[in-house]
Amino acid sequence: GGPGLRPPPGCPQRCLGASERRDVQREILSVLGLPGRPRLRAAPSGPRLPASAPLFMLDLYHAMTGDDDKDDAPAERRLGRADLVMSFVNMVERDHALGQQEPHWKEFRFDLTQIPDGEAVTAAEFRIYKVPSIHLLNRTLHVSMFQVVQEQSNRESDLLFLDLQTLQAGDEVWLVLDVTAASDRWLLKRHKDLGLRLYVETEDGHSVDPGLAGLLGQRAPRSRQPFVVTFFRASPSPIRTPR
Amino acid sequence: AVRPLRRRQPKKTNELPQANRLPGIFDDVHGSHGRQVCRRHELYVSFQDLGWLDWVIAPQGYSAYYCEGECSFPLGSCMNATNHAILQSLVHLMKPDAVPKACCAPTKLSATSVLYYDNSNNVILRKHRNMVVKACGCH
């Protein structure tokens with residue numbers, strides 16, 4: 001087999017007949033809750049570096065399975081009692097920067113159509129990688145995140161404030177922005193893309209191009225591309241009551 | 001004439017067999033009337049063998065269980081190890097002479113997690129609680 005688990009010694013290895021093979025596959029699909037084999041796009045021609053979302057989710061998987069046998073072990077904070085975690089990578093990115101008038105912003109649109117029914121969002125994060133900025137030395141930056149609630153043709157879009165993080169221009173880090181507040185809307189309108197807009201300002205309020213501040217977008221290496229990760233818990237009423 | 005002592009019947013209890021109890025001299029491993037008690041076996045299925053690794057990121061494989069012996073509810077695609085053990089134990093309690101003792105009564109159920117791609121290349125981590133029998137009576 002592959003590099004993974006080895007069958008325990010003494011475990012009899014039988015050659016499965018065709019019908020047994022189908023039975024075992026059916027059992028595996030039902031026990032693991034796998035929805036069946038997706039139609040993945042053509043396999044990559046050569047070996048590809050793993051992308052950021054699968055790398056992050058594999059860490060979560062190890063944290064989650066590490067707790068499988070210890071029911072009372074403290075799960076990693078974000079996992080909490082989540083029994084489903086999804087990362088969204090299908091994204092369209094728009095820049096409102098590079099010389100145009102202020103404020104500069106970067107916008108990301110995620111396709112949320114794959115969210116399963118009957119799941120309640122417990123937490124949602126937008127993760128973007130930041131490299132040290134070579135343009136802004138020793139400056140403190142405020143990174144704020146908004147949800148694009150409604151686009152307007154003749155004026156600025158309707159925005160909903162989600163989160164604000166402060167960091168140094170020289171920091172190199174995965175920046176995690178809490179977008180849980182946006183989850184009510186996307187469950188009601190999952191046919192609409194989730195629009196997230198990101199602004200960067202210096203301490204004295206000047207708008208900065210997010211790219212110049214070191215925030216990487218879709219053109220980053222695969223292992224550092226931005227993504228949204230959402231934690232769900234099965235609930236009879238998937239919509240959180242508005243506060 | 002001396003009356004033979006009547007052998008006292010063991011008191012019937014409703015407890016599931018203890019996990020760490022191995023067959024002892026009072027346990028008839030071959031069941032009554034020489035039949036063989038059900039015994040669970042593990043068959044490891046590698047997802048690489050199934051060609052699933054471009055879809056399922058983790059785990060690498062799955063331990064499917066099957067059993068040999070006289071089972072009223074044999075393991076199969078519609079009967080996983082947990083249900084098999086519970087049903088077998090209940091029926092054995094009701095008809096100890098007719099149905100052999102279950103070898104794998106659940107003492108500890110654990111979660112099963114799986115990490116995989118969906119149709120849009122999103123990555124999904126799903127956890128099913130109380131799913132898999134990890135400890136059973138015959139180990």
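All values below come from the heavy atoms of this structure, side chains included, with hydrogens, waters and symmetry mates left out. Labels below follow one simple rule: chain letters A, B, ... track the order of the sequence lines, proteins then strands, and each chain is numbered from 1.
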- Test side-chain contact (heavy atoms from CB on, under 4.5 Å) on A:Ile28 and B:Leu50 and set out the steps. CA-CA 11 Å; A:Ile28 293 172; B:Leu50 288 175; 4.2 Å; yes
- Task: In sequence, state the C-alpha distance, the side-chain angles, and the governing distance for A:Gln25 and B:Val45, and then conclude on side-chain contact (heavy atoms from CB on, under 4.5 Å).
- Result: CA-CA 9 Å; A:Gln25 285 177 14; B:Val45 177; over 6 Å; no
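With rounding to the nearest 0.5 angstrom, the OG atom of A:Ser87 is 9.5 Å from the CG atom of B:Leu125. The CE atom of A:Met64 lies 9.5 Å from the CG atom of B:Leu115; values are rounded to the nearest 0.5 Å. Between the CG atom in A:Leu84 and the OG atom in B:Ser113 there is a gap of 11.0 Å [rounded to 0.5 Å]. If you take CG on B:Asn122 and OG1 on A:Thr230, they are separated by 9.5 Å, rounding to the nearest 0.5 Å. How far OH of B:Tyr62 is from CG of A:Leu29: 10.5 Å, rounded to the nearest 0.5 Å.
The minimum heavy-atom distance linking B:Val123 with A:Met57 is given by the pair O-CE, 3.3 Å. The minimum heavy-atom distance linking B:His128 with A:Leu32 is given by the pair NE2-O, 3.1 Å.
Not counting sequence neighbours, the partners of A:Glu107 by the side chain to side chain donor-acceptor pair (under 3.5 Å) test are A:Arg94, A:Arg109, A:Arg197. Listed by chain and residue number, B:Tyr116 satisfy the side chain to side chain donor-acceptor pair (under 3.5 Å) test with B:Arg126 (two or more places apart in sequence, or in another chain).
Here the side chains of B:Ile57 and A:Pro54 are in contact, with some heavy-atom distance below 4.5 Å. Residues A:Leu34 and B:Val56 form a side-chain contact, since some pair of their non-hydrogen atoms from C-beta on lies under 4.5 Å apart.
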